[in-house]
Amino acid sequence: MDSATGTGRRRQDEVYRAGVYGHRPRVPTAARALQRRARERLSARAYAYVAGGAGDEATQRANRAAFDRWAVVPRVLRDVSVRDTSVELFGRRLPAPLLLGPVGALELVHPAADLAVARAAAGLGVPMVFSNQASVPMEECAAVMGSSPRWFQLYWSTSDELVESLVGRAEASGCDVLVVTLDTTMLGWRPRDLDLGHLPFALGKGIAQYTSDPVFRRLVEQRAAASAAPAPAEPGAAAGRDRQPRPTVAAVRALVGMARAWPGPLLDNLRSPLPRAAVETFLSIYSRPSITWADLAWLRARTRLPIVLKGVLHPDDARRALDEGVDGVVVSTHGGRQVDRSIAALDALPDVVAAVGDRAPVLLDSGVRSGADVLTAVALGARAVLLGRPFAWGLGLAGEDGVRQVLSDVLGEFDLTLGLSGHTTVGQLTPEVLRRVG
């Protein structure tokens, strides 16, 4: 339960008191300005990877336009001096209906990457969903979070043995929930990255969950050993005909990056075939397009954690998910990064909520940028929302402090919007709080 001042007032007081001494917020407090500043500061590759969407990015625009079609209708003359923004979710009391969604390859925007995010999240008690494509192993992030809540995002690899190993590590790391991402069985068509010829994983970035995994390391060693075995010469092959391309500065940098990604001394790794084999192994087993409903029973038998399916947009899929025994769904377009011209996540939310009813929690991500967005999504039936790009921009601009400020700003705005709209608890938010205006 918040005190009479509330998180919003406290956050305002921090900013305005610091302003008396000439100090301003480390990063912009509005989402658009935050992204503009990040674009100025980050490299072209880093910005494109985080900002980019599929195709013409129509889905990204639709995610934002969907929020613009709803307006809050404030009520007045209600005592809102004491507010409670907390929610119960999978046995945890959270400070607000907000989680940090999984964002991969965060080393592109800041060297502290996932560790900085983990510290900021733990400091505010906000759950962090560890990315399967993290730049820091889950065990290291868990170590700095203490007892603070964390979840794990799972990409279903072509190696079931690796899937089982990752799930076991998530349990051992104290993760509360397993989030199975369904909408990225293949990478979507992302022109910003394609035009730059840039896939971070091909450079050894964002694969720390893999290089720290014993099953994956064994697969890498097997691949390296197989590659080292001499291949039989083809009849009539001329010596020296198979010429290798001349090395470039970019290629040398790529090899050094791969060497840094593999555990062990850099010089040893530069001489070793394992770092390059790790990237090749990852690219070959990263995700499995053949996954079906039948696979869920296999996963259910191998974990005690609640299973949440991320990427659900159709109400029939939501019903089927619960019938198959999963514990919740996340309505998501993967931030508009997978299917261009997909239905917006917020537009899909009401039908999914109606299909699920009270059987399980429905969460939402894609397009969330502010505390007012959080309120809108919750009023339409989301139990909580996942925040993505804004905290990545904060990380890029000011590391852990930037993430903490972005989180504090969203939490503060949610608290103020809750009170100023005439409500004191999250449970009071229903579709009647809103009016469709577009």
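One is the number of the first residue; the rest follow in order along the sequence.
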Euclidean distance, [Y] [atom2] relative to [X] [atom1], rounded to 0.5 Å:
{"X": "Glu171", "Y": "Thr303", "atom1": "CD", "atom2": "OG1", "value": "3.5 Å"}
{"X": "Ser131", "Y": "Met138", "atom1": "OG", "atom2": "CE", "value": "10.0 Å"}
{"X": "Ser287", "Y": "Gln133", "atom1": "OG", "atom2": "CD", "value": "8.5 Å"}
{"X": "Ile285", "Y": "Leu162", "atom1": "CD1", "atom2": "CG", "value": "5.0 Å"}
{"X": "Arg26", "Y": "Glu400", "atom1": "CZ", "atom2": "CD", "value": "10.5 Å"}
{"X": "Leu219", "Y": "Tyr210", "atom1": "CG", "atom2": "OH", "value": "12.0 Å"}

Quick one: closest heavy-atom pair of [X] and [Y], and the distance?
{"X": "Gln338", "Y": "Asp183", "result": "NE2-O, 2.9 Å"}
{"X": "Leu407", "Y": "Ala120", "result": "CD1-O, 4.3 Å"}
{"X": "Arg223", "Y": "Thr281", "result": "CD-OG1, 3.1 Å"}
{"X": "Leu270", "Y": "Ala259", "result": "CD2-CB, 3.7 Å"}
{"X": "Leu98", "Y": "Val126", "result": "O-CG1, 3.4 Å"}
{"X": "Val167", "Y": "Leu178", "result": "CG2-CD2, 3.9 Å"}

Side chain [X], main chain [Y], donor-acceptor under 3.5 Å:
{"X": "Asp415", "Y": "Thr7", "value": "yes"}
{"X": "Ser366", "Y": "Leu346", "value": "no"}
{"X": "Arg150", "Y": "Ser148", "value": "yes"}
{"X": "Asp295", "Y": "Thr292", "value": "yes"}
{"X": "Glu57", "Y": "Gly336", "value": "no"}
{"X": "Gln35", "Y": "Trp393", "value": "no"}
{"X": "Arg389", "Y": "Val50", "value": "yes"}
{"X": "Arg369", "Y": "Pro390", "value": "no"}
{"X": "Gln405", "Y": "Val27", "value": "yes"}
{"X": "Gln153", "Y": "Pro102", "value": "no"}

Next item on the list: Step through the shown structure and confirm whether more than 12 heavy atoms of other residues, nucleotides or ligands are within 6.0 Å of CZ on Arg288.
Entry: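 Yes - once you tally the heavy atoms of other residues, nucleotides and ligands closer than 6.0 Å, there are more than 12.
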Check: How about Arg435: does its CZ atom have over 12 heavy atoms from other parts shown lying under 6.0 Å from it?
Finding: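 Counting neighbours around CZ of Arg435, 12 or fewer heavy atoms of other residues, nucleotides or ligands fall under 6.0 Å, so no.
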Would you say [X] and [Y] make side-chain contact, with heavy atoms under 4.5 Å?
{"X": "Val72", "Y": "Leu434", "answer": "yes"}
{"X": "Trp298", "Y": "Glu164", "answer": "yes"}
{"X": "Phe414", "Y": "Val426", "answer": "yes"}
{"X": "Val87", "Y": "Arg383", "answer": "no"}
{"X": "Tyr47", "Y": "Arg41", "answer": "no"}
{"X": "Leu418", "Y": "Leu429", "answer": "yes"}
{"X": "Phe67", "Y": "Val368", "answer": "yes"}
{"X": "Leu106", "Y": "Val109", "answer": "yes"}

Notebook entry, point to check: Passes side-chain contact (heavy atoms from CB on, under 4.5 Å), Trp156 versus Leu299? Steps please.
Noted result: CA-CA 10 Å; Trp156 204 300; Leu299 183 63; 3.6 Å; yes
Would [X] and [Y] pass as an ion pair if we require N to O under 4.0 Å?
{"X": "Glu107", "Y": "Arg260", "answer": "no"}
{"X": "Arg319", "Y": "Asp316", "answer": "yes"}
{"X": "Arg11", "Y": "Glu14", "answer": "yes"}

Note to self: Tell me whether the rings of Tyr286 and Phe201 are parallel (<30°), tilted (30 to 60°) or perpendicular (>60°).
What the structure shows: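 Tyr286 vs Phe201 ring planes: parallel.
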Checklist line | Steps toward side-chain contact (heavy atoms from CB on, under 4.5 Å) verdict (Arg271, Asp268) | finding: CA-CA 5 Å; Arg271 303 185 188 100; Asp268 291 348; 3.5 Å; yes
Item checked: Inter- and intrachain pairs under side chain to side chain donor-acceptor pair (under 3.5 Å), touching residues 59-68, at least two apart ->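 Pairs touching residues 59-68 that pass the test: Asp56-Arg61, Asn63-Thr333, Arg64-Asp373.
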Notebook entry, point to check: Has Arg217 got its NZ or CZ under 6.0 Å from the middle of the six-membered ring of Trp262, at an angle within 45 degrees of the ring axis?
Noted result: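 Verdict for Trp262: a cation-pi partner in Arg217.
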Next item on the list: Give a yes/no verdict on a cation-pi contact between Arg436 and Trp70, requiring under 6.0 Å between NZ or CZ and the six-membered ring centre and an angle within 45° of the axis.
Entry: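 Yes - Arg436 lies over the ring of Trp70, closer than 6.0 Å to its centre and within 45° of its axis.
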Checklist line | Pairs where residues 87-106 contributes a residue and the test salt bridge (charged side-chain N to carboxylate O under 4.0 Å, His left out) is met, not counting sequence neighbours | finding: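 Non-adjacent pairs meeting salt bridge (charged side-chain N to carboxylate O under 4.0 Å, His left out): Glu88-Arg93, Arg92-Asp176.
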Next item on the list: Go through the side-chain N and O atoms of Ser227 and Arg276 and say whether any donor and acceptor fall under 3.5 Å apart.
Entry: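 Absent: no donor and acceptor within the cut-off.
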Check: Could you walk me through whether Glu40 and Arg37 pass the side-chain contact (heavy atoms from CB on, under 4.5 Å) check?
Finding: CA-CA 5 Å; Glu40 294 168 358; Arg37 184 81 60 83; 3.9 Å; yes
Notebook entry, point to check: Would Leu194 and Trp189 count as a side-chain contact (heavy atoms from CB on, under 4.5 Å) if you check the C-alpha gap in whole Å, the side-chain angles of each, and the deciding distance to 0.1 Å?
Noted result: CA-CA 8 Å; Leu194 290 164; Trp189 186 257; 3.4 Å; yes
Next item on the list: Starting from the C-alpha separation in whole Å, work towards a yes-or-no answer on salt bridge (Lys or Arg N to Asp or Glu O under 4.0 Å) for Arg320 and Asp317.
Entry: CA-CA 5 Å; Arg320 177 73 181 270; Asp317 287 341; over 6 Å; no
Check: Would Asp365 and Ser332 count as a side chain to side chain donor-acceptor pair (under 3.5 Å) if you check the C-alpha gap in whole Å, the side-chain angles of each, and the deciding distance to 0.1 Å?
Finding: CA-CA 5 Å; Asp365 80 8; Ser332 170; 2.5 Å; yes
